[in-house]
Trainee: 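One structure is given below, represented as structure tokens, and several questions about it will come after.
Chain identifiers are assigned alphabetically (A, B, ...) following the order of the sequence lines, protein sequences preceding nucleic acid strands; residue numbering begins at 1 within each chain.
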Amino acid sequence: RSHPCFAFPDWAYKPESSPGSRQIQLWHFILELLQKEEYQGVIAWQGDYGEFVIKDPDEVARLWGIRKCKPHMNYDKLSRALRYYYNKRILHKTKGKRFTYKFNFSKVVLVNYPLLDMTLSSPSHPHLGCRILLWYRLKMKEM
DNA sequence: TTCGGAAACC
DNA sequence: GGTTTCCGAA
């Protein structure tokens, strides 16, 4: 059921793990929803490696609005925030698939561990970032 | 629907 | 800096 490569270490969900901002970030929130089975009707992993579909855009926006205390949040605004992730290489759009985006797993690590940049930059090893995420999860369990 | 500029907000 | 808000264009 749960793909091992879609497992993320606990720090990936903690806002305090992102240096520079103490507020929860949207991609943290997205991962948080994807992690919980109760939201599979709203947002879920689907299709290609790292790809997810927003099945209920209005509901995701509503939940995000609650979290950020922005009662007028909607999908139009939320999706603009997601588009800002394109240049940052945290996400990209899966063209042709409605409400479908794809995580760049390597970047998820890079954001939190800039020193790993060189090891993860290789486009010829797209799964390397995932393996390192799993490795960190094991490391965190040991501590 | 999706995109990205521009300005505002915190 | 990371959105939020607004919006014209494709």
Trainee: Among A:I90, A:L91, A:L78, whose side chain to side chain contact (heavy atoms under 4.5 Å, CB included) with A:L26 holds?
Mentor: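 For A:L26, the side chain to side chain contact (heavy atoms under 4.5 Å, CB included) test succeeds with only one of A:I90, A:L91, A:L78, which is A:L78.
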Trainee: Considering only heavy atoms of chain A and a distance under 4.0 Å, specify the first and last nucleotide of DNA chain B in 5' to 3' order that meet this criterion.
Mentor: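 Both ends considered, the range comes out as B:dT1 to B:dA7.
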Trainee: Contact class for A:K95 vs. all strands (heavy atom < 4.0 Å): base, sugar-phosphate, or nothing?
Mentor: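 The answer is nothing, as A:K95 stays clear of every strand by at least 4.0 Å.
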Trainee: Do you know which of A:K55, A:E51, A:Q40 makes side chain to side chain contact (heavy atoms under 4.5 Å, CB included) with A:Q46?
Mentor: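 The side chain to side chain contact (heavy atoms under 4.5 Å, CB included) with A:Q46 is passed solely by A:K55 among A:K55, A:E51, A:Q40.
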Trainee: Can A:I66 and A:R62 be said to form a side chain to side chain contact (heavy atoms under 4.5 Å, CB included), step by step?
Mentor: CA-CA 6 Å; A:I66 290 169; A:R62 195 184 67 83; 3.4 Å; yes
Trainee: Any donor and acceptor pair, going by atom type alone, linking the side chain of A:T100 with main-chain N or O of A:R98 inside 3.5 Å?
Mentor: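 Looks like yes, one N/O pair under 3.5 Å.
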Trainee: Specify the separation, in whole Å, of atom CD1 of A:I30 and atom C1' of C:dT3.
Mentor: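 Taking CD1 of A:I30 and C1' of C:dT3, I get 13 Å after rounding.
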Trainee: Rounded to the nearest angstrom, tell me the gap between atom CG in A:L91 and atom C1' in C:dG2.
Mentor: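 One finds 14 Å between C1' of C:dG2 and CG of A:L91, rounded.
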Trainee: With the sugar-phosphate defined as primed atoms, P, OP1 and OP2, and the base as all remaining atoms, what B/S/- string results for nucleotides 5-10 of chain C, 5' to 3', for protein heavy atoms under 4.0 Å?
Mentor: BBB---
Trainee: Assign A:Y101 to base, sugar-phosphate, or nothing according to its heavy-atom contacts below 4.0 angstrom with the strands shown.
Mentor: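 Result for A:Y101 = nothing.
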Trainee: Would you check if the side chain of A:K97 reaches a backbone N or O of A:V53 as a donor-acceptor pair within less than 3.5 Å?
Mentor: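 No, because the side chain of A:K97 does not come within donor-acceptor range (under 3.5 Å) of the backbone of A:V53.
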Trainee: Excluding sequence neighbours, so at least two apart, what forms side-chain contact (heavy atoms from CB on, under 4.5 Å) with A:Y86?
Mentor: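 Expected list: A:R83, A:K93, A:Y101.
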Trainee: Whether A:W64 contacts C:dT4 is assessed here as follows: a side-chain N or O lying under 4.0 Å from the phosphate OP1 or OP2. Is that the case?
Mentor: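 Indeed, a polar side-chain atom of A:W64 lies that close.
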Trainee: What pair of heavy atoms forms the shortest contact from A:F52 to A:L34, and how long is it?
Mentor: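 Closest approach of A:F52 to A:L34, heavy atoms only: CB-CD2, 3.9 Å.
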Trainee: Please confirm whether the backbone N or O of A:W64 pairs with a side-chain atom of A:K70, one donor and one acceptor, at under 3.5 Å?
Mentor: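 Not confirmed, A:K70 side chain does not pair with A:W64 backbone.
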Trainee: Does A:Q25 make a side-chain N or O approach to OP1 or OP2 of C:dT3 shorter than 4.0 Å?
Mentor: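 Yes.
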